[in-house]
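Positions are given from 1 along the sequence. The model shown is predicted, which means the values in this text are computed figures rather than measured ones.
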Amino acid sequence: MQKRKFWGWGIEGGGPSQEDIDQSISSVEKRLGTSLPRTAEPPKENELNLPSIRIKVPATLSAICRNSPWERAAHHYGASYRDVVRAFRREFPKPPDWVAYPQSEGDVSSILDWCGDNKVAAIPFGGGSSVVGGVEMPSLDSGNYEGAISIDLSNLRKVMEIDKTSRAARIQAGILGPDLENQLRPHGLTLRHFPQSFEFSSLGGWIATRSGGHFATVYTHIEDLVESIRAVTPSGILESRRLPGSGAGPSPDRMLAGSEGILGIITEAWMRLQDRPKFRASAAVLFPEPNGFLKGAEAVREVSQSMLFPTNCRILDKTEAFNNGVGNGDSAVLILGFESADHPTDKILERGIEICRGAGGTIPDNQINSQSGESSSVNREGAAGAWRKAFIEMPYIRDALVGHSVVVDTFETCITWDKFPSFHKNVTAAVEKALQEICGSGSVSCRFTHVYPDGPAPYYSITAPGIFGSELEQWDEIKAAAADIVISEGGTITHHHAVGRDHRPWYDQQRPDIFADALRAAKQNIDPGAILNPGVLLDP
Ligand SMILES: Cc1cc2nc3c(=O)[nH]c(=O)nc-3n(C[C@H](O)[C@H](O)[C@H](O)COP(=O)(O)OP(=O)(O)OC[C@H]3O[C@@H](n4cnc5c(N)ncnc54)[C@H](O)[C@@H]3O)c2cc1C
């Protein structure tokens with residue numbers, strides 16, 4: 001069986017070839033104008049020196065609980081830059097005492113009962129791809145808890161039932177993306193939810209964090225694909241009624257979506273499915289600098305308001321385009337794509353292209369692709385294909401850059417179109433200033449991950465040379481500068497990465513006080529012992 005890395009992204013021995021990694025590192029060296037010698041090696045299992053275990057699990061749970069150093073270390077962190085740096089430093093100060101692998105919903109209930117009776121913090125763990133400290137154990141110094149347990153849902157991984165007529169399925173929450181799609185494929189169906197972390201993230205994690213899929217418009221947010229949710233809470237089972245829509249008061253599903261494990265453990269959900277797409281068409285549109293990115297953003301706004309609903313409508317600034325192998329660094333590139341299970345999409349693409357040309361875009365002849373058939377490779381060729389490859393390899397490359405002391409991370413937000421130009425200018429300027437002051441140099445680039453008729457979700461990537469041993473402190477300062485400017489300019493602290501523990505200070509600023517009180521009251525009622533994911537969304 002393939003073994004996940006306990007310190008970073010992916011499977012041991014998996015990911016891009018060493019040659020590809022070396023090439024990426026040398027292109028970052030060129031970009032930053034400095035050499036990046038290797039400063040650290042990933043930790044090895046035999047180097048783990050973990051604090052001792054504070055609690056015993058009862059005999060009734062021992063068959064589903066494990067506590068080997070690997071298990072505890074692999075459930076210590078999520079998968080953020082900050083997590084990988086701490087792992088490279090061999091810092092694992094507060095691992096879970098135990099990792100539980102429930103085999104059934106009954107097991108989940110038993111674990112929560114035991115946690116409640118023994119003041120043990122219970123941290124739900126799906127794929128562990130959180131980039132916001134969502135799966136970390138709380139600090140136990142406060143004396144509020146006797147210990148902590150990570151509840152890994154990976155054994156709940158079946159598509160239980162398919163309703164072909166309504167095109168929906170009942171699916172267990174611990175299933176990871178590839179397994180989920182593999183179980184739906186023989187039925188000609190797909191959930192079609194593809195976050196960049198697809199390979200190692202779970203349905204329950206997606207719902208708990210309100211994740212955003214790879215597609216740019218409509219049917220891309222997990223909560224829009226949810227028909228009903230079933231969760232185990234410390235107060236019993238919370239299950240919503242399976243309905244295509246309902247106006248019966250505030251939605252119970254919407255309460256659980258985005259609850260980040262503080263109200264209950266999602267065990268299964270009925271999900272809306274789609275037929276597998278057969279027709280695809282895409283184009284890469286160039287917007288030469290200067291002003292290419294803002295002109296391209298204008299084109300995206302027009303497309304987003306045209307009701308064409310592209311599956312892909314991703315403007316990359318010239319640096320993003322170059323870094324992802326879809327441009328030569330002179331132009332912003334807009335990747336525009338459409339797909340359908342029902343009808344050819346060429347005509348819709350033509351109209352999208354017309355809009356882009358009207359906004360000043362140009363299209364090289366070889367950058368329009370159209371194909372039909374389920375195995376169509378239109379997304380694997382040309383600019384779209386280069387983009388896809390870079391997208392999948394990114395987390396592996398990021399981990400390799402950590403070993404060269406590069407500060408490399410992303411932050412994402414959302415803002416209305418009227419504010420976007422000044423927002424983008426001020427965010428970029430503030431982060432560039434922070435990189436100069438903190439790292440001496442560095443680059444900020446931007447792309448849109450999702451677009452709405454009323455605004456885009458800009459996604460910023462930063463790369464800077466760090467100082468070996470000080471990368472975390474440098475990152476902290478840069479992150480704070482970025483988050484401060486995002487909030488002061490009217491954006492959200494997160495569009496799809498969630499709040500976790502890391503975004504709390506800024507989430508608290510943007511969350512209305514009365515809503516915070518209501519959430520606290522809900523938490524107090526549902527989880528009176530405050531065992532579930534303490535510190536996430538609310539203070540313990
Ligand atoms: C390289 C990379 C790329 C990413 N790309 C995207 C992206 O494109 N779109 C996006 O939205 N996010 C992205 N993320 C962030 C992350 O993948 C998402 O937040 C994802 O939804 C987390 O799913 P998971 O199963 O890994 O959850 P985990 O990381 O295991 O947990 C996340 C949170 O949900 C809680 N939780 C997990 N399972 C359950 C459950 N069954 N019931 C209750 N609570 C639960 C956890 O306690 C935690 O608070 C990315 C992360 C990485 C590292």
* **Donor-acceptor under 3.5 Å (R447 side chain, A321 main chain)** => no
* Asked: Just by distance, with hydrogens left out, do Q524 and R520 show a side-chain donor and acceptor under 3.5 Å apart?
  -> no
* To do: I would like to know whether W7 and D399 meet side-chain contact (heavy atoms from CB on, under 4.5 Å); could you show each step before the answer?
  => CA-CA 9 Å; W7 54 267; D399 289 3; 4.2 Å; yes
* Asked: Between Y459 and H495, does the ring centre distance come in under 6.0 Å?
  -> no
* Asked: Judged by modelled atom types alone, do E29 and T34 share a side-chain donor-acceptor pair under 3.5 Å?
  -> no
* **From CA spacing to verdict: side chain to side chain donor-acceptor pair (under 3.5 Å), Q510, T492** => CA-CA 7 Å; Q510 91 179 61; T492 171; 3.0 Å; yes
* To do: Run the numbers on V300 and W417 for side-chain contact (heavy atoms from CB on, under 4.5 Å), then give the verdict.
  => CA-CA 10 Å; V300 171; W417 285 117; 3.9 Å; yes
* Is it possible for you to check whether R192 lies under 6.0 Å from the centre of the six-membered ring of F215, through NZ or CZ, and within 45° of that ring's axis? => yes
* To do: Could you tell me whether E91 and R86 make a salt bridge, using a distance below 4.0 angstrom between a side-chain N and a carboxylate O?
  => no
* Asked: Are any of the side-chain heavy atoms of I315 and V285 separated by less than 4.5 Å?
  -> no
* For the atom pair OH (Y81) and CD1 (I462), what is the distance rounded to the nearest 0.5 Å? -> 8.0 Å
* Report yes or no: do T494 and E412 form a side-chain donor-acceptor pair below 3.5 Å? => yes
* Nearest-0.5 Å distance, CD1 of residue I25 to CD1 of residue I397 -> 7.5 Å
* Asked: Using the benzene-type ring in the case of Trp, are the ring centres of F309 and F338 under 6.0 Å apart?
  -> no
* **Minimum heavy-atom distance between D527 and L532, given as atom pair plus value** => OD2-N, 2.9 Å
* To do: Please work out which of the three classes, parallel, tilted or perpendicular, describes the rings of F200 and W9, given edges at 30° and 60°.
  => perpendicular
* To do: Starting from the C-alpha separation in whole Å, work towards a yes-or-no answer on salt bridge (charged side-chain N to carboxylate O under 4.0 Å, His left out) for K295 and E298.
  => CA-CA 5 Å; K295 277 190 191 156; E298 244 333 87; over 6 Å; no
* Asked: More than 12 heavy atoms of other residues, nucleotides or ligands under 6.0 Å from OH of Y507: is that the case?
  -> yes
* **H75 and W70 aromatic ring geometry - parallel, tilted or perpendicular at 30°/60° bounds** => perpendicular
* Asked: Can T220 and H214 be counted as having a side-chain donor-acceptor contact under 3.5 angstrom?
  -> no
* Should T463 and V407 be marked as a side-chain contact (heavy atoms from CB on, under 4.5 Å) after you check the CA-CA gap, both sets of side-chain angles, and the distance that decides it? -> CA-CA 6 Å; T463 316; V407 179; over 6 Å; no
* Asked: Going by atom types only, do T416 and D418 share a side-chain donor-acceptor pair under 3.5 Å?
  -> yes
* Charged N-O contact under 4.0 Å between R254 and D224 -> yes
* Asked: Checking side-chain contact (heavy atoms from CB on, under 4.5 Å) for the pair L316/I335: CA distance, chi angles, key distance, verdict?
  -> CA-CA 8 Å; L316 290 83; I335 298 174; 4.2 Å; yes
* **Pairwise distance CG(N323) to OG(S443) - rounded to 0.5 angstrom** => 6.5 Å
* Asked: Charged N to carboxylate O below 4.0 Å: is that the case for K94 and E136?
  -> yes
* Closest contact, heavy atoms only, R511 versus L538 -> NH1-CD2, 3.6 Å
* Side-chain donor-acceptor contact under 3.5 Å, S445 with T319 -> no
* Asked: Are the aromatic rings of F448 and H424 close, with centres under 6.0 Å apart?
  -> no
* Structure fact -> Residues P456 and F420: closest non-hydrogen pair is CG-CD1, 3.9 Å
* Asked: Which value, rounded to the nearest 0.5 Å, describes the distance between H404 atom NE2 and I21 atom CD1?
  -> 9.0 Å
* **Cationic N near anionic O, under 4.0 Å, E473 to R89** => yes
* Asked: What are the two closest heavy atoms between A73 and L48, and how far apart are they?
  -> CB-CD1, 3.7 Å
* Structure fact -> Value for CD (E289) from NZ (K318), rounded to nearest 0.5 Å, stands at 5.5 Å
* To do: Decide if atom CG of D513 counts as having more than 12 heavy atoms of other residues, nucleotides or ligands within a radius under 6.0 Å.
  => no
* Asked: At their closest point, which heavy atom of A464 faces which heavy atom of L435, and how far apart are they?
  -> CB-CD2, 3.9 Å
* Answer yes or no: does atom CZ of F194 have more than 12 heavy-atom neighbours from other residues, nucleotides or ligands under 6.0 Å? => yes
* To do: Please check if any side-chain donor atom of R314 sits under 3.5 Å from a side-chain acceptor atom of N324, or the reverse.
  => no
* Measure across P43 and F6 and return the closest heavy-atom pair with its distance rounded to 0.1 Å. => O-CZ, 3.7 Å
* Asked: Under 4.0 Å between a Lys/Arg side-chain N and an Asp/Glu carboxylate O for K3 and E45?
  -> yes
* Got a salt bridge between E354 and R351, using NZ or NE/NH1/NH2 to carboxylate O under 4.0 Å? -> yes
* Asked: S461 and E320: side-chain donor and acceptor closer than 3.5 Å?
  -> yes
* Under 4.0 Å between a Lys/Arg side-chain N and an Asp/Glu carboxylate O for D476 and K479? -> no
* **Ion pair check, E41 and R38, cut-off under 4.0 Å** => yes
* Asked: Are the charged groups of R82 and D409 less than 4.0 angstrom apart, N to O?
  -> no
* Structure fact -> Interatomic distance, CG@D83 vs OG@S129, rounded to 0.5 Å, equals 10.5 Å
* Asked: Are H221 and H450 close enough that their ring centres sit under 6.0 Å apart?
  -> yes
